[in-house]
Protein chains: 4
Amino acid sequence: MTEEALDKKAAALQAALELIAEQGFHGAPMSRIAERAGIGVGTIYRYFASKDDLINALYIEIKSRLTRSILKGYSEQLPVREGFQHLLDALVRYCVAHPAELAFAEQYENSPLITAVTRAELLRLFQPIQDLFRRALAEQLLKELPFEMIGALVYSSVTALAKLQLSGAMQLGDPRYETGLAAIWDMIKR
Amino acid sequence: MTEEALDKKAAALQAALELIAEQGFHGAPMSRIAERAGIGVGTIYRYFASKDDLINALYIEIKSRLTRSILKGYSEQLPVREGFQHLLDALVRYCVAHPAELAFAEQYENSPLITAVTRAELLRLFQPIQDLFRRALAEQLLKELPFEMIGALVYSSVTALAKLQLSGAMQLGDPRYETGLAAIWDMIKR
Amino acid sequence: MTEEALDKKAAALQAALELIAEQGFHGAPMSRIAERAGIGVGTIYRYFASKDDLINALYIEIKSRLTRSILKGYSEQLPVREGFQHLLDALVRYCVAHPAELAFAEQYENSPLITAVTRAELLRLFQPIQDLFRRALAEQLLKELPFEMIGALVYSSVTALAKLQLSGAMQLGDPRYETGLAAIWDMIKR
Amino acid sequence: MTEEALDKKAAALQAALELIAEQGFHGAPMSRIAERAGIGVGTIYRYFASKDDLINALYIEIKSRLTRSILKGYSEQLPVREGFQHLLDALVRYCVAHPAELAFAEQYENSPLITAVTRAELLRLFQPIQDLFRRALAEQLLKELPFEMIGALVYSSVTALAKLQLSGAMQLGDPRYETGLAAIWDMIKR
DNA sequence: CATGAATGAGAATTCATTCAT
DNA sequence: CATGAATGAATTCTCATTCAT
């Protein structure tokens with residue numbers, strides 16, 4: 001793909017992200033996505049087979065950016081406890097810094113748009129994080145709970161924290177924010 | 001309203017619930033809701049001013065049933081710790097027993113459909129639960145966190161547990177289920 | 001028909017008249033007509049076979065009241081010129097005094113609702129006025145024009161005058177009103 | 001707009017004109033308008049924001065064609081009397097030659113669809129004709145009546161004449177047609 | 001390649017009419 | 001008789017997708 005083509009594809013994804021985050025799926029017809037992206041409607045169909053395809057690609061992209069960002073500065077060499085601390089913190093920070101992505105993801109995950117392909121792709125992305133969990137379980141730092149359960153509890157809690165911050169109820173520097181993060185750790189630690 | 005009228009109104013709500021839970025908002029046009037409810041499309045409009053109105057009414061109804069159900073057997077006389085235990089347990093049980101309601105609520109809460117009226121109504125419904133939190137905070141059983149934060153952490157975690165059970169990963173009797181509930185308590189207890 | 005039945009029938013006609021005059025045909029669904037008439041929707045169908053039937057009956061009723069009113073005080077004994085004067089004047093006065101009827105009639109006459117039966121009924125109502133025209137033509141007071149043409153010219157002009165008054169541009173006592181009436185006579189007099 | 005686009009827009013207007021003239025507003029749903037225009041329903045909405053918008057645009061277009069047509073051959077140099085003669089004659093001829101436009105205009109003007117914008121646009125179109133009236137009033141050729149009154153009387157009378165011709169009661173060459181036109185002049189001349 | 005006009009299936013909503021009470 | 005709840009055909013309008021330019 002040429003650089004220009006990449007630009008247009010990215011513009012379409014970004015426009016869809018913003019519109020869906022701001023107005024929900026109903027407020028994001030293809031025509032408006034194209035308009036905000038500054039490209040033609042037809043052009044979108046050169047890069048995505050359908051609207052569903054666009055949205056699934058957007059989700060993968062979002063999750064990919066998220067994992068890339070929170071894994072930055074993380075190393076498998078880090079002690080498990082510190083690794084967790086890093087990831088939790090990075091996760092909340094990322095969500096707060098990218099509210100549109102959070103809003104989009106929440107809507108998407110609760111809609112029946114998700115495909116099997118998307119689910120598989122997600123697992124791949126989360127591999128390093130799974131590894132951390134496995135290490136933690138092996139070191140008996142965590143409660144004896146299945147991996148998916150810990151993941152679900154942590155993810156939903158962090159997301160809840162991020163939403164609170166976005167609603168304006170709390171600032172990042174707020175000491176209660178630290179307490180909140182600690183609470184999440186309390187939940188899963190043995 | 002006559003009994004038959006109440007039946008039709010309830011049938012419309014139930015049909016909408018099922019369809020939205022199963023297929024999302026896009027899979028629930030008024031025509032299909034009417035069809036599944038076994039009534040005419042026009043009839044729905046005798047009871048709800050618009051589709052938005054129907055959906056908001058449904059959400060209130062769902063939350064109302066939920067609170068009524070989990071408050072059954074709960075008493076303000078109960079010690080705080082037991083009160084929590086009861087509510088958490090009842091909440092997961094209710095969500096697992098009413099998967100369509102959970103699926104609908106998750107979709108609705110992440111959509112831009114909520115109105116101010118609905119939000120106000122919700123607060124009213126949750127009053128008794130708020131009181132429990134206040135008691136717990138007063139007795140210094142909980143971490144020093146704002147009420148909304150504790151509520152959000154608990155609700156999102158319980159929901160996450162319920163979804164896990166629904167996905168088939170776990171049964172109600174599973175010992176890990178008890179551990180999961182305990183983990184949620186660990187998160188918020190001082 | 002009992003007296004009460006006549007009341008309901010009249011109430012339906014009156015409600016339809018007002019609604020159509022105020023908001024046009026689109027603003028006058030049967031449900032609203034019934035509501036304003038203070039009766040049930042079904043009741044209207046006891047007196048009128050359909051909405052079209054109701055509207056046609058209303059038109060006949062309107063025209064009947066109009067002719068009855070303007071013929072009051074008119075006598076075949078009157079000299080033709082004075083007879084005309086009387087009728088023209090009475091016609092404008094009636095229209096101005098009954099703006100809803102004028103508004104309704106204008107809308108009705110330009111719609112394709114009118115039936116052959118209604119047309120025939122109209123002719124019957126206008127008989128005495130036709131006679132006046134015939135007398136005038138016989139006395140060679142009028143231009144040699146076909147009866148329908150004079151009638152159409154006069155009716156449209158009087159209606160135009162009445163609309164002007166209703167629009168607030170002119171008062172009944174205004175001297176230009178007299179001049180206007182005289183102008184209409186100038187149009188048809190030989 | 002490309003030529004083809006203009007074609008479609010014009011086709012929609014023409015189809016709406018014919019259907020409303022023939023069957024009234026009730027006989028002209030968007031689907032039928034599109035069908036007769038030989039275009040898709042959605043296409044109409046590319047050119048008109050709503051059905052109301054389409055109808056108002058049609059009215060402006062009709063009146064614009066009408067004024068353009070009757071002003072052809074008219075010159076401000078013409079003596080007032082001849083100017084009137086020309087306009088009256090051209091007006092009847094136009095109405096008779098374009099019965100659908102007459103029928104549509106009559107229905108529209110008596111409906112509550114007119115917007116303020118449309119009214120303003122009309123005034124602009126009728127400027128040259130207003131000028132003629134002003135000249136005539138200045139030369140004391142007309143009765144001392146307000147401009148609007150003369151305009152209303154003349155327009156309604158001419159329209160009445162045109163409708164008569166359309167009903168088949170009279171032909172254009174008919175001497176009584178000339179007498180009719182003369183009668184209208186008699187009405188307003190001093 | 002990019003575009004956006006054109007399309008028509010499908011969505012929400014209205015309303016004349018019926019009929020059980 | 002009177003009522004008005006119930007109905008579904010019909011209406012307006014939207015939007016994902018196509019395809020000629």
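Note: hydrogens, waters and symmetry copies are ignored here, and every other heavy atom, side chains too, is used. Reminder, nothing fancy here: chain letters follow the sequence lines and each chain counts from 1.
- Between Ile55(D) and Ile20(D) the shortest side-chain heavy-atom distance falls below 4.5 Å.
- Rounded to an integer number of Å, the gap from Ile44(D) CD1 to dG8(E) P is 12 Å.
- Heavy-atom minimum distance, Pro99(A) versus Leu166(A): CB-CD2, 3.7 Å.
- Secondary-structure annotation of DNA chain E gives the stems E:2-21 with F:2-21, with a stem taken as at least 3 successive Watson-Crick or G-U pairs whose two distances both fall under 3.5 Å.
- A straight line from CE of Met30(C) to P of dT3(F) spans 14 Å, rounded to a whole angstrom.
- Along DNA chain E, the nucleotide closest to Ala28(B) and the one closest to Thr43(D) are compared, and the more 5′ of them pairs with Thr43(D).
- Between Arg46(D) atom CZ and dC15(F) atom C1' the separation is 11 Å, expressed in whole Å.
- If you measure from atom CD1 of Ile33(B) to atom P of dA12(E), you get 7 Å, rounded to the nearest angstrom.
- Comparing atom distances between the Pro29(D) side chain and each of dG4(E), dA16(E), dT11(F) picks out dT11(F) as nearest.
- Between Phe25(A) and His26(B), the ring-plane angle classifies as perpendicular under the 30° and 60° cut-offs.
- Side-chain N/O atoms of Arg68(B) and Ser64(B) include a donor and acceptor closer than 3.5 Å.
- Formation of a donor-acceptor pair under 3.5 Å by the Thr43(D) side chain with backbone atoms of Ile39(D) is not found in this model.
- Computed from coordinates, the Phe48(B) CZ to dA12(E) C1' distance equals 15 Å when rounded to whole Å.
- Across Ala100(D) and Ala21(D), no two heavy atoms sit closer than the pair O-CB, 3.5 Å.
- In this entry the distance linking CD1 of Ile55(A) with C1' of dC15(F) reads 13 Å, nearest Å.
- Close to dT7(F), at under 4.0 Å from its OP1 or OP2, lies a side-chain N or O of Lys8(B).
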Grab the N/O contacts between the protein and nucleotides 18-21 of chain F below 3.5 Å, and write none if there aren't any.
none

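- Glu109(B) and Tyr59(B) form a side-chain donor-acceptor contact under 3.5 Å, judged by distance and modelled atom types alone.
- Asp52(D) has its CG atom 16 Å from the P atom of dT11(F), to the nearest Å.
- Side-chain contact of Asn56(B) with Tyr108(B): a donor-acceptor pair under 3.5 Å is present, judged by distance alone.
- As a whole-Å value, the separation of Tyr47(D) OH from dT7(E) C1' is 12 Å.
- Under the 3.5 Å distance criterion, the side-chain polar atoms of Glu61(A) are left unmatched by any main-chain donor or acceptor of Leu13(A).
- The residue Ser31(D) sits apart from the nucleic acid: no heavy atom pair falls under 4.0 Å.
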